[in-house]
Structures are given as structure tokens and as C-alpha cells.
Protein chains: 2
Amino acid sequence: MNTLFHKAKQNRVYEDVVNQIQTAILNGDIEPGSRLPAERTLCEMFQTSRGTLREALRILEQKSLIEIRLGASGGAYVKNANSELMAENLAMLIQSDSVSLEHLAEFRETLESTVSRLAAERASAVDCEELQILLDQAKHYRDKGISSWNDFVRVDEQIHMTIARISGNPLYNFILRSIHDNIHRYYDRFLEVSNIELEENYQDLVNITAAIADHDKNRAERLAREHVRRFSAYMETKKRDHISML
Amino acid sequence: MNTLFHKAKQNRVYEDVVNQIQTAILNGDIEPGSRLPAERTLCEMFQTSRGTLREALRILEQKSLIEIRLGASGGAYVKNANSELMAENLAMLIQSDSVSLEHLAEFRETLESTVSRLAAERASAVDCEELQILLDQAKHYRDKGISSWNDFVRVDEQIHMTIARISGNPLYNFILRSIHDNIHRYYDRFLEVSNIELEENYQDLVNITAAIADHDKNRAERLAREHVRRFSAYMETKKRDHISML
DNA sequence: TGACACTAATGGTCTAACCATTATAATGTT
DNA sequence: AACATTATAATGGTTAGACCATTAGTGTCA
């Protein structure tokens, strides 16, 4: 069997501590937002030294299961499920050149077109209203022109994430969020836009939203794909310009 | 800005140690497979205590950047980029009920159909030969019947991952691998197959491979989607049977 | 030649102390 | 009374030094 079993160490004390706490968190036995006992208290509970316990806490922190705050009323606070870990993992793959920005863009094309298609199939009236409200905000910032670009981008992103939510599959949310994080992390330094891109982007959003409201899944899929492709192509151009300028 | 910046702590010593080592690994300054100096040596290099250094090592280990072995000639060995972290992240999302197995199956449908389409577009003659060799192995195990199911599954998986590789986008490899890991982790306990499934599965592989060799991207995409959907539906049935039996 | 014991290098754990940060309470000032 | 300041105590961050457990390599002996 290839992947069914993983090596059976489990001799290291801190791993047992990690497992116990992680299980409690994932099972929902500990509420997100609540605080674990102080380190010295946990030491007594697990009968370990502080060093060993802290190694366990470091692991849980790296897994994004807890967040550790300093000072009085500090300690280990349980976090909600989020896309941090996935985003960091992606970032490492990019930084090690195992995955290029072009690969990322191609994958994003698949994702955005898929969620748009699903959203067109599954959107309720309430979903469409929510999209419309966001679209009105986007219109507002478009009308204010290029100076509001940052605000526009924020709404643009919200619309994308809302479409992902409407798709009904939270996995798309997590992955799309982590991809957006990385696109910003690596592309924003080349970012330089004019009113043309602003207008183009806005029109794309209008069209995609309309297609979703019409439950026209094929159109929604195609428009989303084109939207992403245009954005990626534009970014690649800018990146090349930027690099050739050096 | 929403995601551009992340909190600027960097007062914790072990984080600086993590950053320095991580950067060296991701930049390729340290070869995968090579060993970092012993803990006590690293302590001198970074001018930290062993406890602090070990917290840093725990984080790097959790990030799948290093692997720590015990005993003489043990220590921290640099690992290659892999899908472990992503797989573990997915597993946590599932365990916390943030993502269901149905969500996972739907996402897999998207992925497998996309990579099959891309593979049909991009497969070289050599790629097709490689697929053919794997297909011959699959045939061998099919002919031996249900007793070789495990071997058959192993080859089946290899074929899927090879198709992902042929797609030319390593991101698909990483993500698909992590999905397969989780499908096995959660579905295998319900697994119970007959010669019918074995034969069906084999025929699917034959057809998909043929479509890729023909560069018929639409057919490859459709067949892969149907293949995954059939498998998922079958697994869901088994799961329900299993649960209702309790 | 093979089985066994020894050795040394390395990670794993423990203890006990002190430093740094911060929410809260106590105190002082206007 | 309201606000600013200071002290307090709880909590995580770091250090030092010791000892235990595991394991590859070496040497020894039958």
C-alpha cells in the first residue's frame, strides 16, 4: 500500500501532546476563540517539561490551529479553519521555483471558471442580491476613477470570493483564497493600472454577475475564464516590462 | 490593503532562525537530502539556546522542509518539495467538518477532467508510451483478478499522477496527490470491490489513455469526469451501507 | 565469516531560573 | 469625577546545563 499508512513513530512526547490538543480542536471540543490553559498549567496536565510542551505548541501554531499571544491574558487561543496554511504552502512552492506564476495563473483559470459555472447553477435570489450590492460598490469606486483602485480591487476580490461561496463547495473558497493571497504577494509589485483596466475589469464583473443571475452556466464559465486570462496576460506583460527595465 | 501585509512581529528569536534556514532551503543554497549541522552546532552558529533552536526545527519539520532522524548520523535532513503539507491541511479541513468527502469528490472531478484535457492537448509520443506501459501493468493485474486489487489500485494511481504530470503544470500534481491521499485515508475503510468494479475501472483507464493519445481533449475531459463521478458515487453507496449497518 | 558488544554522535527530555510583554488594578493628579 | 500614571502579576520567551534514548559504525571474539 502506497499512501494508506504513514510511519509509526509516536515515541516523541511532544507529538502525543500535539495529537491530543489537535484532536480536541478539530472535534470541536474546544471552541474557536477560547484559550488553552497557561503553559505551566499544561505542563502539569500532560506531565511534561515546559520545553517539550512548547515544541508541541510551536507545531500547533504552525498548523494554524492556535495563535499565541504575549503578556498577561496571553496564551494559546484556538483559531477557526482558514486558508493560511494552504497559502503559505503555495508560497513555498513558488519561492522554490517548483511552481511558476504562470502555473498559478493557469490553475486559477480552472478554478474561477468552475466556481462561476457552479454558482450559475446554484445561485439563489438572495445570493444574487448580495452580488448586486457588491457590484454597486464596485461601480461606485469605478466612477471615482483610478485613485480608488485599491478600494475597487478589494471589492473585486470580495465578489470573487462570494461567487466561490455560492458554488456551495467550501474547498473552492479555501483554495481560491490562498491563490489570491499569493497572486497579490507576487504580482502587486508590478501593478500599474489605468482607467482602461479599471473599466475593463468592472465590465467583466457586470457580465459574470449577470450570467450567474441568468443561471447561464456556460456563459458564466466562459466569461470567468476570459476574465482571468486577460488579467494574467496583462500581469505577465507588466512583469516582463518591469524585468527588462532592470 | 487586505492581504498584502501580514503582521510584523519578528521579535521572537526562533522565527528569525526559521526564516534564515527556510530561505536557504527554498533558494536552493542547501541541497535536498543534505544534512544541517547538529543541534548543538547550530546553537553556536545562531547564538541561541538549544530550546529555542529546537522550536525552530519543529516549525521547519512541520513545514515539511526538513526531516529529523534519530541516533548517530541523525539530524535535520533537507527534504524535496512535496504534497505532504497540503494533504495534511486537507485532512484537517475534513476532520473539522469544514469540508465533506462530497466536496472533495466534486473538486476531484474538476481536477481530473482538467488535467486529462490538458494532457490530451500536450502529450508527447514519449508520454503516451509511458502511459501505455502503465496500462499494460494494469491489464496484468486485472487479468489476475480481484486478489490483485491492491496492486491494480497502485498502478491506477500512478496513471492518474502521470496524466497530471503530462498536463505540464506541477501545481496539479501537488494538489491531486494530496487529494488522492485523503480519499484513501477516508474511503479505504469502506472499500469492498468485485470483479465488476475492477473491469469497469480498467476500461475507464483504457478509454482515457486512448483519448489522450488521440489528442481528443473533449473526450478525455468527459471520460475523466465520468470516471471520477462513477467512483465517487460507488464510494458513497458503500459508505452509506456501512453506516446503516451500525 | 558472522554474531555480538562497545563506543560515540546525535536527538529527546527535564529542571530551574530569569527576561520581556501586557492587561489589569492601584494610585495619583487635576 | 475623570483622566493619566505607575505598580503588579500573569503569561510567554529565553537560557544553561544536565541526563536519557536511539542508532551507525567499529571492534572483538567464537
Side-chain angles (χ1 to χ4, degrees), chain A residues 6-22 24-25 30-79 84, chain B residues 6-22 24-25 30-79 84:
Chain A
H6 15 348
K7 98 189 83 170
K9 304 183 196 171
Q10 182 57 321
N11 26 11
R12 309 199 268 192
V13 175
Y14 64 80
E15 286 203 337
D16 187 44
V17 174
V18 167
N19 284 335
Q20 287 194 48
I21 298 179
Q22 170 168 336
I25 293 175
I30 312 177
E31 283 295 306
S34 66
R35 208 198 69 174
L36 296 182
E39 289 185 355
R40 290 157 177 92
T41 312
L42 286 170
C43 289
E44 287 178 15
M45 295 166 69
F46 288 111
Q47 289 288 306
T48 67
S49 74
R50 239 186 115 200
T52 299
L53 181 94
R54 281 173 60 83
E55 292 190 30
L57 291 182
R58 286 288 86 73
I59 292 174
L60 292 166
E61 188 182 35
Q62 173 55 32
K63 287 187 180 193
S64 282
L65 288 170
I66 62 174
E67 172 195 348
I68 291 172
R69 301 188 203 141
L70 224 60
S73 77
Y77 287 80
V78 177
K79 296 214 293 188
E84 276 176 41
Chain B
H6 18 346
K7 100 188 81 167
K9 300 184 195 172
Q10 182 56 319
N11 25 13
R12 308 199 269 191
V13 176
Y14 64 80
E15 288 203 336
D16 187 44
V17 175
V18 168
N19 284 335
Q20 288 193 48
I21 298 179
Q22 171 168 338
I25 293 176
I30 312 177
E31 283 295 306
S34 66
R35 209 197 67 173
L36 297 183
E39 288 186 356
R40 290 154 176 95
T41 312
L42 287 171
C43 289
E44 286 178 15
M45 294 168 68
F46 289 111
Q47 287 290 305
T48 68
S49 73
R50 235 185 117 199
T52 299
L53 181 94
R54 281 174 61 83
E55 291 189 31
L57 291 182
R58 286 287 87 72
I59 293 175
L60 292 165
E61 187 182 35
Q62 174 54 34
K63 287 188 180 192
S64 284
L65 288 170
I66 61 174
E67 173 195 348
I68 291 173
R69 302 191 202 139
L70 223 62
S73 76
Y77 287 80
V78 177
K79 296 214 292 187
E84 276 177 40

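Just so we're clear, the structure is a prediction, and the values are computed from it rather than from any experiment. A note on names: the letters A, B, ... follow the listed sequences, proteins ahead of strands, and every chain is numbered from 1.
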Expressed in angstrom and rounded to an integer, what is the separation of [X] atom [atom1] from [N] atom [atom2]?
{"X": "B/D16", "N": "D/dG13", "atom1": "CG", "atom2": "P", "answer": "15 Å"}
{"X": "B/R54", "N": "D/dT14", "atom1": "CZ", "atom2": "P", "answer": "16 Å"}
{"X": "A/R12", "N": "D/dT23", "atom1": "CZ", "atom2": "P", "answer": "11 Å"}

A/R58 side chain near A/Q62 side chain, heavy-atom distance below 4.5 Å: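 In short, these two side chains do not touch, never coming nearer than 4.5 Å.
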Does some side-chain heavy atom of B/I25 sit less than 4.5 Å from a side-chain heavy atom of B/I66?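 Yes. Closest side-chain heavy atoms under 4.5 Å.
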Tested for side chain to side chain contact (heavy atoms under 4.5 Å, CB included) against A/I21, the lone hit among A/L60, A/I59, A/L65, A/V78 is A/L60
Under 4.0 Å between a side-chain N or O of B/R69 and OP1 or OP2 of D/dA24? no
If each of A/L53 and A/A72 is mapped to the nucleotide of DNA chain C with the nearest heavy atom, which maps nearer the 5' terminus, i.e. the 5' end? A/L53
Which atom names give the shortest non-hydrogen contact between B/A56 and B/V17, and what distance separates them? CB-CG1, 3.6 Å
Where is the tightest heavy-atom contact between A/P37 and A/L42, given as atom of each residue plus distance?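 Result for this residue pair: O-CD1, 3.4 Å.
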Residue list, side chain to side chain donor-acceptor pair (under 3.5 Å) with B/Q20, at least two apart or on another chain: B/D16
Proximity to DNA chain D (any heavy atom under 4.0 Å), residues of residues 39-51 of chain A only: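 Residues of residues 39-51 of chain A that come under 4.0 Å of DNA chain D are, in numerical order, A/E39, A/R40, A/R50.
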With a 4.0 Å cut-off (strictly under) to non-hydrogen atoms of chain A, the first and last hit nts on DNA chain C, 5' to 3', are C/dG12 to C/dA23
Between B/E55 and B/R12, is the side-chain contact (heavy atoms from CB on, under 4.5 Å) condition met? List the steps. CA-CA 11 Å; B/E55 291 189 31; B/R12 308 199 269 191; over 6 Å; no
Does A/E67 come within less than 4.0 Å of A/K79, counting only side-chain N to carboxylate O? no
